[in-house]
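One structure below.
Please read all numbers here as calculations on a predicted model, not as lab measurements. Proteins get letters first, then strands, A, B, ... in listed order; numbering begins at 1 in each.
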2 protein chains.
Amino acid sequence: MLSIGKLGARTGVKVPTIRYYEQIGLLAEADRSAGNQRLYDEKAVERLTFIRHARELGFPLDAIRELLSLSDQPDIPCGAADMIARRQLDAVRERMLRLKALQTELERMVAQCAHGTISDCRVIEVLGNHDLCLHPDHGH
Amino acid sequence: MLSIGKLGARTGVKVPTIRYYEQIGLLAEADRSAGNQRLYDEKAVERLTFIRHARELGFPLDAIRELLSLSDQPDIPCGAADMIARRQLDAVRERMLRLKALQTELERMVAQCAHGTISDCRVIEVLGNHDLCLHPDHGH
DNA sequence: TTACTTGCTCTAGCAACTGGAGCTTCAAGA
DNA sequence: TCTTGAAGCTCCAGTTGCTAGAGCAAGTAA
């Protein structure tokens with residue numbers, strides 16, 4: 001049996017975060033020692049590893065909750081899990097596009113900042129100017 | 001002079017968000033009408049447009065605050081603004097890398113989900129399995 | 001003038017944690 | 001066995017960047 005600290009070390013999740021996950025019901029309430037300290041087994045390691053990876057991959061906790069509940073009943077079709085992953089993939093692709101635009105913009109800024117004064121520095125100008133805006137979709 | 005609603009419509013920023021920006025000092029306190037309603041001029045439109053673009057490009061409000069304070073005193077060297085842009089650029093490059101890895105992972109997941117049941121669905125498996133993990137850096 | 005929309009302030013809430021205060025329990029060395 | 005220090009406990013507050021609601025006042029069009 002593992003203490004919460006060991007569990008955190010093995011999974012790369014901080015101790016308060018583990019307690020937080022328990023609090024919001026993402027992890028079941030842990031068994032306790034005689035002195036009221038949480039004790040974990042290998043199943044908890046797996047579950048928390050799963051959560052950590054999913055978080056790293058950008059899944060919101062709600063999606064993870066869904067995924068976990070799915071994995072608890074492995075006989076139903078995996079379409080739901082697939083859909084969650086697809087949704088996530090779409091979001092990621094969009095984020096990538098926006099970040100790419102941002103990167104280009106910042107690179108241009110840095111290149112154009114010719115060590116003059118702010119008044120001729122494009123860092124301000126580019127962000128204030130609508131015509132240079134890569135996302136002219138006003139109504140988002 | 002514009003009401004807060006018009007300002008929001010023109011800049012694509014929601015009304016409560018504008019009030020929030022004023023509250024945290026990102027926008028100066030607006031002039032008021034006889035009936036205590038906020039009134040804005042074209043300068044406010046520009047400033048808020050600047051903020052909106054910067055937010056879209058992923059700048060945190062602190063960086064925007066810095067940028068704005070720089071643009072308020074245009075005679076100082078732009079080294080500071082340049083530095084902020086560089087810092088932001090580094091952060092963006094890192095986010096891009098992580099997102100790229102994530103995208104690959106999700107694409108693999110979706111491709112491998114062969115419409116079976118959860119028990120043979122790789123979405124769950126991939127997230128639980130350490131060996132398939134693209135970020136084996138436990139620390140951080 | 002009467003509606004109706006928009007505005008006002010204030011408070012509370014969201015995600016997803018993070019950190020601190022003040023206390024108890026555990027593990028290891030002397 | 002005692003002691004010391006790390007690690008655990010609970011509870012509460014704070015973070016970022018908003019968003020939503022209550023309960024009003026002000027502005028506007030018919």
Side-chain angles (χ1 to χ4, degrees), chain A residues 1-27 29-40 44 47-48 50-68 84 87-88 91 95 98 102 127 139-140, chain B residues 1-27 29-40 44 47-48 50-68 87-88 91 95 98 102 139-140:
Chain A
M1 292 297 245
L2 302 165
S3 70
I4 196 169
K6 307 281 182 201
L7 177 64
R10 280 212 25 206
T11 58
V13 177
K14 286 177 190 160
V15 168
T17 304
I18 297 172
R19 286 197 280 248
Y20 169 72
Y21 286 163
E22 180 183 307
Q23 188 193 311
I24 64 170
L26 209 58
L27 293 175
E29 294 197 5
D31 292 336
R32 300 296 181 112
S33 72
N36 199 35
Q37 303 198 348
R38 288 172 182 83
L39 293 175
Y40 298 94
R47 203 173 171 94
L48 192 51
F50 178 101
I51 295 171
R52 181 182 147 238
H53 286 172
R55 286 296 300 135
E56 270 178 5
L57 291 179
F59 286 86
L61 290 183
D62 271 1
I64 296 173
R65 206 190 299 270
E66 271 185 280
L67 247 12
L68 281 171
I84 294 170
R87 244 189 283 138
Q88 209 56 30
R95 269 195 268 168
R98 305 227 283 117
L102 161 58
L127 286 175
H140 181 246
Chain B
M1 292 297 244
L2 301 166
S3 70
I4 195 169
K6 307 281 182 201
L7 177 64
R10 281 212 25 209
T11 57
V13 177
K14 286 176 190 160
V15 168
T17 305
I18 298 173
R19 286 197 280 250
Y20 168 73
Y21 285 164
E22 180 182 307
Q23 189 195 310
I24 64 168
L26 210 56
L27 294 175
E29 293 197 7
D31 292 337
R32 299 299 181 111
S33 72
N36 200 34
Q37 302 198 350
R38 288 172 182 83
L39 293 175
Y40 298 94
R47 202 175 171 92
L48 192 50
F50 176 100
I51 294 171
R52 181 183 148 237
H53 286 173
R55 286 295 301 136
E56 269 178 4
L57 291 178
F59 286 86
L61 290 185
D62 271 1
I64 296 173
R65 206 190 298 271
E66 272 186 280
L67 248 12
L68 282 170
R87 243 191 285 136
Q88 210 56 29
R95 268 196 269 170
R98 304 227 284 117
L102 158 59
H140 175 256

Legend entry - Under 4.0 angstrom between Y21(A) side-chain N/O and dA16(C) OP1 or OP2: no

Legend entry - Interatomic distance where CG belongs to N36(A) and C1' belongs to dT10(D) [whole Å]: 9 Å

Inset, instruction - Kindly say if S33(A) contacts the phosphate of dC26(C), meaning a side-chain N or O under 4.0 Å from OP1 or OP2. - result: yes

Legend entry - Value in whole Å for how far the P atom of dA15(C) lies from CD1 of I51(A): 16 Å

Inset, instruction - Please round to the nearest 0.5 Å and tell me the distance separating atom CG of L48(A) and atom OH of Y21(A). - result: 7.5 Å

Legend entry - Interatomic distance where CE belongs to M1(B) and C1' belongs to dG27(D) [whole Å]: 16 Å

Legend entry - Nucleotide dG8(D), atom C1' - distance to CG of D31(A) in whole Å: 16 Å

Legend entry - Toward the 5' end of DNA chain C, by each residue's nearest nucleotide, Y20(A) or R32(B): R32(B)

Inset, instruction - Check whether any side-chain nitrogen or oxygen of S3(A) sits under 4.0 Å from OP1 or OP2 of dG8(D), and answer yes or no. - result: yes

Inset, instruction - First locate atom OG1 of T17(B), then atom CZ of R55(B), and finally report the distance between them rounded to the nearest 0.5 Å. - result: 10.0 Å

Inset, instruction - Would you kindly give the CD-to-P distance between Q37(A) and dG8(D), to the nearest whole Å? - result: 7 Å

Legend entry - Side-chain ion pair, E29(B) and R38(B), N-O less than 4.0 Å: no

Inset, instruction - Kindly say if R19(B) contacts the phosphate of dG7(C), meaning a side-chain N or O under 4.0 Å from OP1 or OP2. - result: no

Inset, instruction - Would you kindly give the NZ-to-C1' distance between K14(A) and dC17(C), to the nearest whole Å? - result: 9 Å

Legend entry - Residue whose nearest DNA chain D nucleotide is more 5′ - P60(B) or G35(B): P60(B)

Legend entry - Flag, side chain of T11(B) to backbone of L7(B), donor-acceptor distance under 3.5 Å: yes

Legend entry - Over all atoms of both residues, closest heavy-atom pair of F50(B) and I64(B): CE2-CG2, 4.2 Å

Inset, instruction - Assign R38(A) to base, sugar-phosphate, or nothing according to its heavy-atom contacts below 4.0 angstrom with the strands shown. - result: sugar-phosphate

Inset, instruction - Specify the separation, in whole Å, of atom CD of Q23(B) and atom P of dT9(C). - result: 10 Å

Legend entry - Euclidean distance, atom CD1 of residue I24(A) to atom P of dG13(C) [Å, nearest integer]: 17 Å

